[in-house]
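Residue numbers begin at 1 in each chain, while the letters A, B, ... track the order of the sequences.
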There are 2 protein chains.
Amino acid sequence: MREFYTITELTKEFSVSTRTIRFYEDEELIKPVRRGRTRLFRPSDRLLLKQILRGKRLGFSIAEIREIIEVYKAPSGEEGQIKLMIERINQKRKELEQKRQDIDDTMREMDNAEENCIERLAELRVSQ
Amino acid sequence: MREFYTITELTKEFSVSTRTIRFYEDEELIKPVRRGRTRLFRPSDRLLLKQILRGKRLGFSIAEIREIIEVYKAPSGEEGQIKLMIERINQKRKELEQKRQDIDDTMREMDNAEENCIERLAELRVSQ
DNA sequence: GATTTGATTGACTTTTACGTAAATCAATTA
DNA sequence: TAATTGATTTACGTAAAAGTCAATCAAATC
């Protein structure tokens with residue numbers, strides 16, 4: 001495993017702009033180290049970026065992604081804090097399940113739409 | 001099945017503002033009929049709204065939702081057009097499968113996070 | 001030593017998806 | 001008939017998530 005990635009390596013790997021990556025740093029979602037002024041991204045930073053972009057694809061806002069990332073971290077604090085964290089995890093699970101249901105529904109409509117197309121194609125051939 | 005819904009009935013059912021619904025009409029995603037100036041939403045308009053909001057939850061933009069809705073419609077045109085439509089359907093399927101994968105991955109991380117929390121709770125109890 | 005290359009910072013701009021407020025209208029109720 | 005209620009139109013405002021551009025800098029190359 002590589003020790004560091006440059007910003008352009010990551011922009012290429014994930015097809016995002018440098019502006020986007022710097023924006024996530026401004027938002028303190030990623031905290032790359034520096035050599036002089038230049039950012040150096042560790043594998044853990046790269047993983048974070050991957051998780052952020054995954055969240056984006058699912059339509060989560062930066063604020064929501066921040067929450068999700070908080071949840072990923074090692075749990076700390078006393079019992080109450082940790083139980084609260086578990087509740088937040090279950091909340092996120094519910095949101096994800098809703099999205100999964102939405103995907104299933106949309107998929108079904110796609111199947112439907114395709115069948116209609118195929119039928120229409122058959123009709124066109126018969127009527128020739 | 002009801003013949004018409006008012007705009008406020010729909011705002012309540014789906015927890016959106018009138019502004020949102022009118023915005024979708026401006027974008028020509030929904031085309032309610034009118035009695036005078038007042039909008040009347042048919043069951044088909046209601047279904048469309050439902051589909052739009054489903055797309056939103058999945059993080060699709062208005063432009064993407066417009067595409068998806070196009071796909072739902074009854075296929076028309078000649079063979080080339082319909083084959084093109086089938087390709088667009090398959091493209092959307094890919095996007096949906098990516099999202100499904102993203103959900104699965106995030107779910108797994110949630111399971112992980114919860115396990116860590118439970119472990120931490122156990123540790124706290126032992127060390128008392 | 002001059003210049004090219006890659007990265008940074010800062011500031012202003014843009015797009016999307018609505019929010020909000022004011023003026024208008026039409027129908028119902030007091 | 002006056003006033004309330006619910007809906008409409010118009011228009012300006014806004015937050016989020018970057019895009020874009022200019023100036024700067026540092027290291028490498030010619």
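Between the CZ atom of B/R57 and the C1' atom of C/dA17 there is a distance of 17 Å, rounded to whole Å. Remark: C1' of D/dA15 and CZ of A/F23 are 11 Å apart, rounded to the nearest angstrom. The nearest whole Å value for the distance from the CG atom in B/L40 to the P atom in D/dG6 is 17 Å. In this structure, B/K12 atom NZ and D/dG6 atom C1' are separated by 10 Å, rounded to whole Å. Atom CZ in A/R19 sits about 14 Å away from atom C1' in D/dA22, given to the nearest Å. C/dA7 atom P lies 16 Å from atom OH of A/Y5, rounded to whole Å. As rounded to whole Å, 15 Å separates atom C1' of D/dG6 from atom CG of B/L10. The CD1-P distance, from A/I7 to D/dC25, rounds to 19 Å in whole Å.
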After noting the C-alpha distance and the side-chain angles of A/E114 and B/R93, does the key distance pass the salt bridge (Lys or Arg N to Asp or Glu O under 4.0 Å) rule?
CA-CA 11 Å; A/E114 192 183 19; B/R93 275 216 189 89; 2.8 Å; yes
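By the 4.0 Å N-to-carboxylate-O rule, A/R66 lies too far from A/E28 to be salt-bridged with it.
Put simply, the side chain of A/K99 gets close to the backbone of A/L58: a donor and an acceptor are under 3.5 Å apart. In terms of modelled atom types and a separation under 3.5 Å, the side chain of A/R2 and the main chain of A/F4 share a donor-acceptor contact. Panel note: side chain A/E78, backbone A/G80; a donor-acceptor pair is recorded below 3.5 Å. A/T20 places no side-chain N or O within donor-acceptor distance of the main-chain N or O of A/V16, the cut-off being under 3.5 Å.
When the side-chain nitrogen and oxygen atoms of A/R22 are compared with OP1 and OP2 of C/dT9, none of them lie within a distance under 4.0 Å. An OP1 or OP2 oxygen of C/dA7 is reached within less than 4.0 angstrom by a side-chain nitrogen or oxygen of A/T8. At the phosphate of C/dG19, OP1 or OP2 sits under 4.0 Å from a side-chain N or O atom of B/T20.
Each of D/dG6, D/dT8, D/dA17 was ranked by its minimum atom distance to the side chain of A/S61; first place goes to D/dA17.
Residue B/T18 is classed as having no contact, given no heavy-atom separation below 4.0 Å to the nucleic acid.
Side-chain contact between B/N90 and B/I86: present, with at least one pair of heavy atoms (C-beta onward) separated by less than 4.5 Å.
For the contact set between residues 24-38 of chain B and DNA chain C, defined by any heavy atom under 4.0 Å, the members are B/Y24, B/R37.
With hydrogens and angles ignored, no donor-acceptor pair under 3.5 angstrom links the side chain of A/R39 to the base of C/dT8.
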